[in-house]
Amino acid sequence: DRMDRRVARTTGRIKKVFGELIQEKAFADITVKMICDAADVERKTFYLHFKDKYDLLDAILKEHFEAFRENVRQIPDAKPIDFYREALAMLGRHRKFFKRVYNGQASALIRKRIQYYVLQRLQLEYGTDVDPAIQHFIADGIGGVFESYINCEIEGSDEQIAADMAWMVVQAKKCLKKNLNK
C-alpha cells in the first residue's frame, strides 16, 4: 500500500510536469530527460512506469477521457447531446493541452484515442449490427469536429455545436435504419 502511494505520487508528478512542459513546448521538443529533470526523477524510474513520452501522453489522454466518461455516466438518462456537450466541455477546459497534441507529433495518438471513445458511444447509440466501416466514417467525422473545435475553427456556442453533433448522429442513425430495412 505504501509502495502504491509512492508509485502514484511519482507517476502523478511525471504527468504533472509533462502537462506543464507541453503548455510551453511542442511535443516534439519535449524529451524524457527534460521530463525527468523537471520531475526530479531518474530516467530508470520514468521507464519503470512508461515506455516513452508517447506512452506517457497516452496515459494522460486516457485519464482525461475516463474522467469525461465518468461525467457522462453521472448524467441521468444521458442522451447523445449530453455526450457531445461533456466532450466539448472537457476539450475546452484543456484546450491548450489538446491543441498542442493535435497540432504536434502525437496527433495520430489523440485521433486514435478520440475515435476509440466515439466508437464506443456510437455502438451504444446504433448497436453492434452496423457496418464497422460506417461507424468509423461517422466517428472520424465527429473527431474532425472535435479537432476543429480545439483549433477554434468552428464558431458557435458549445451548446449549439453539441446539438448539431447530436442531430447529425441521429440523422445518420435514421439513414442506417433505412439501409438495414432494404
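- Proximity of a side-chain donor or acceptor of D82 to a complementary backbone N or O of K79 within less than 3.5 Å is detected.
- When all heavy atoms of V72 and A78 are compared, the pair lying nearest together is O-CB, 3.9 Å.
- For the atom pair K99 NZ and C152 SG, the distance stands at 5.0 Å (nearest 0.5 Å).
- Exactly one residue among D40, V7, T10 makes a side-chain contact (heavy atoms from CB on, under 4.5 Å) with T45. That residue is T10.
- When side chains are defined from C-beta on, M90 does not count as touching N71, because their heavy atoms never get closer than 4.5 Å.
- Judged purely by atom type and a 3.5 angstrom limit, K53 uses its side chain to pair as donor or acceptor with the backbone of I30.
- Proximity of K62 to R113: side-chain heavy atoms (C-beta onward) are separated by under 4.5 Å at one or more points.
- Ion pairing between a basic and an acidic side chain is recognised when a charged N comes within 4.0 Å of a carboxylate O; D158 and R85 show no such pairing.
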Problem - Check against side-chain contact (heavy atoms from CB on, under 4.5 Å), E147 and F98 - result: CA-CA 9 Å; E147 185 172 353; F98 283 111; over 6 Å; no

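- Remark: Q105 CD to D29 CG distance equals 8.5 Å, nearest 0.5 Å.
- The distance between the ring centers of Y54 and F27 falls below 6.0 angstrom.
- A heavy-atom distance below 4.5 Å is found between the side chains of L109 and L61.
- To the nearest 0.5 Å, atoms CZ (R121) and OH (Y116) are separated by 15.0 Å.
- In this structure, the side chains of E159 and Y84 stay at 4.5 Å or more apart for every pair of heavy atoms.
- At most 12 heavy atoms of other shown residues, nucleotides or ligands fall within 6.0 angstrom of atom CD in E155.
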Exercise for the section: May I have the step-by-step check of side-chain contact (heavy atoms from CB on, under 4.5 Å) for V32 and Y47, ending in yes or no? Expected result: CA-CA 9 Å; V32 170; Y47 289 115; 3.6 Å; yes

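- In this structure, R43 is not positioned above the aromatic face of F46 in the sense of NZ or CZ being under 6.0 Å from the six-membered ring centre and within 45° of the axis.
- Rounding to the nearest 0.5 Å gives a distance of 11.5 Å between CG of L56 and NE2 of H49.
- F97 and F18 have perpendicular rings, their planes meeting at more than 60° on a 0 to 90° scale where under 30° would count as parallel.
- Here the side chains of I60 and H64 are in contact, with some heavy-atom distance below 4.5 Å.
- The same ILVMFWY cluster, assembled from side-chain heavy atoms under 4.5 Å apart, contains both V41 and I22.
- Looking at heavy atoms from C-beta onward, V17 lies in side-chain contact with L21 at the 4.5 angstrom threshold.
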Problem - Stepwise ring-ring contact (aromatic ring centres under 6.0 Å, His included) check, F68 with F83 - result: CA-CA 9 Å; F68 148 72; F83 176 84; 5.2 Å; yes

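- In this structure, I138 is a member of the same hydrophobic cluster as W167, with clusters built from ILVMFWY side-chain heavy atoms closer than 4.5 Å.
- Linking Ile, Leu, Val, Met, Phe, Trp and Tyr residues whenever their side-chain heavy atoms come within less than 4.5 Å places L88 and M168 in a single cluster.
- Within 6.0 Å of CD in E153 there are more than 12 heavy atoms belonging to other residues, nucleotides or ligands.
- To the nearest 0.5 Å, atom CD1 of residue I134 and atom CG of residue L122 are 11.5 Å apart.
- Between the CZ atom in R9 and the CD1 atom in I14 there is a gap of 12.5 Å [rounded to 0.5 Å].
- Closest of all the heavy-atom pairs between L119 and A139 is CD2-CB, 3.7 Å.
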Exercise for the section: Apply side-chain contact (heavy atoms from CB on, under 4.5 Å) to the pair I75 and E86, showing each step before the final yes or no. Expected result: CA-CA 10 Å; I75 300 170; E86 283 298 316; 3.8 Å; yes

Handout entry: Step-by-step side-chain contact (heavy atoms from CB on, under 4.5 Å) determination, D58 to F50
Key = CA-CA 10 Å; D58 196 41; F50 305 102; over 6 Å; no

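- The minimum heavy-atom distance linking G156 with I161 is given by the pair O-CD1, 3.7 Å.
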